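Below is one structure, written out as structure tokens, with a few remarks after it.
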Protein chains: 2
Amino acid sequence: MVRTIDQEARRREIVDAVWRILERGGLEDASVRKVAAEAGLATGSVRHFFGTQAELHAFALRSLSERVGERVRRAAAEPDVRTRVVAMLTELMPLRDDTTRELRIWLEFVHRSRFDENLAAIVAEQAAEVRRFLTHVVTGLGELGHLCPTADHDEVAAGLNAFVDGLTFELLTAPALLTRERAFALLESFVFGHHMRNAAE
Amino acid sequence: MVRTIDQEARRREIVDAVWRILERGGLEDASVRKVAAEAGLATGSVRHFFGTQAELHAFALRSLSERVGERVRRAAAEPDVRTRVVAMLTELMPLRDDTTRELRIWLEFVHRSRFDENLAAIVAEQAAEVRRFLTHVVTGLGELGHLCPTADHDEVAAGLNAFVDGLTFELLTAPALLTRERAFALLESFVFGHHMRNAAE
DNA sequence: GTCAATCTAGCACACCTGTGCTGGTTTGCC
DNA sequence: GGCAAACCAGCACAGGTGTGCTAGATTGAC
């Protein structure tokens, strides 16, 4: 056998090229030829590692979610509860340059997934994971006393999810409406204010 | 001069075809040929009314926003304040089949606008208009006594905007996470609950 | 060195795209 | 009727696309 370790490195290089293109021009620009050029390869080389374009895109998406997952897990190590909640939510939103880059790319896939069953399955799984994660966060908030005791945690998590998604979406698509600082302030106010009561209250 | 009235009808027919295609397959599918086929015309006919594809897309977007605007204005006629606020917000969200259709199409343009300066200008103007509209709604809420007197209306409007956008985005891209009924409940809870205090509070 | 697995490179095909252009057809005014 | 403007239809060109395929280069085990 020859070179089993470099294979993964090459795949990562190619995925990096995909990400750069997605950030710059969106998924439509991520043709096999352009990806190859961006990675400094020939189209045949790319197709040796990814038999089809769909495979390449799916792999790029999965790699992205792995990366985000790692980051969130790292933020989860923070000992102080309140700091931890904010840190973890922050990782999911475009509040820094690095996360902005990731979420810009992520938005490309989410959008495409509306008309692509393959991507849709992956995206749906990711969304469900985020929701579970937010439910966890809400439980933590309950222990912190930031929640009305009668609040329905699922309901509160759904609301938090919508708020986070809305801030993210606006930061990505309408930067004139929202600065990072303001988004962060709104997030803190939403989480630690008296906003998390039950809808049935 | 021949036929000055049918011209607008034709344009509308073509735009209708564009919308149908956008809903079904996204903006990428809205090629001149496919639009023509959908409208039952030859490509040359479409190009007689819209010199270029970009022009066609821009026109389809503007037509959409006009349509939504009319609907919102109609909802603004409701006399009861509380009912009116809900009705107006409802028009901006995919809570019915007709508005869902419009917002699906709208999302296509918003997404494309990230890499298309022409569309970006139109979309940004629309977003600003929605924000002004929401600020208006918030003022109405203040008069209703649903707002903390010290609340910063701009801040509250920004939060409401994010929440509405988040619910909309999730309904369009992650229907497994959110039903229309739940979204409506969350909206009402957000607007009429104790959620609208000032961030600096 | 030998050799086979792995990787790279790129040509070729069929298809779709926007748009320039050139004819034909319909329409309503005079 | 005649005529010009408005409209319709579609060909043609120069690109770009995914992917099948073949041929060469590189690599590491033996």
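Computed from a predicted model, the values in this text were never measured in an experiment. Just so it is clear: chains get the letters A, B, ... in the order the sequence lines come, proteins before strands, and each one is counted from 1. Computed over heavy atoms, backbone and side chain alike; hydrogens, waters and symmetry mates excluded.
Taking the side chain to side chain donor-acceptor pair (under 3.5 Å) definition, one finds that B:Arg82 meets it with nothing, sequence neighbours left out. For B:Ala158, the side-chain contact (heavy atoms from CB on, under 4.5 Å) partners at least two apart in sequence or on another chain are A:Arg182, A:Leu186, B:Arg131.
A donor-acceptor pair is defined here as one N or O able to donate and one able to accept, closer than 3.5 Å; no such pair exists between the side chain of B:Thr83 and the backbone of B:Pro79.
Ring planes of B:Phe190 and A:Phe190: parallel class, angle under 30° (limits at 30 and 60°).
Rounded to an integer number of Å, the gap from NE2 of B:His48 to C1' of D:dG10 is 15 Å. Nucleotide C:dT17 holds its C1' atom 15 Å from the CG atom of B:Leu27, rounded to whole Å. Between the P atom of D:dC8 and the CZ atom of B:Phe50 lies a distance of 12 Å, rounded to the nearest Å. Atom CZ in A:Arg11 sits roughly 13 Å away from atom C1' in C:dC7 (whole-Å rounding). Rounded to whole Å, the distance from CD on A:Glu13 to P on C:dC7 is 13 Å.
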Where along nucleotides 11-24 of chain D does protein come under 4.0 Å, by heavy atom, of base (B) or sugar-phosphate alone (S), with - for untouched nucleotides? -B----BBBBB---
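With C:dT6, D:dA9, C:dG10 as the choices, the nucleotide that has an atom nearest any side-chain atom of A:Ala42 turns out to be C:dG10.
Salt bridge status for B:Arg20 with B:Glu23: absent, with no side-chain N to carboxylate O gap under 4.0 Å. Ion pairing of B:Arg71 with B:Glu102 is present here, as a side-chain N (NZ or NE/NH1/NH2) and a carboxylate O approach within less than 4.0 Å.
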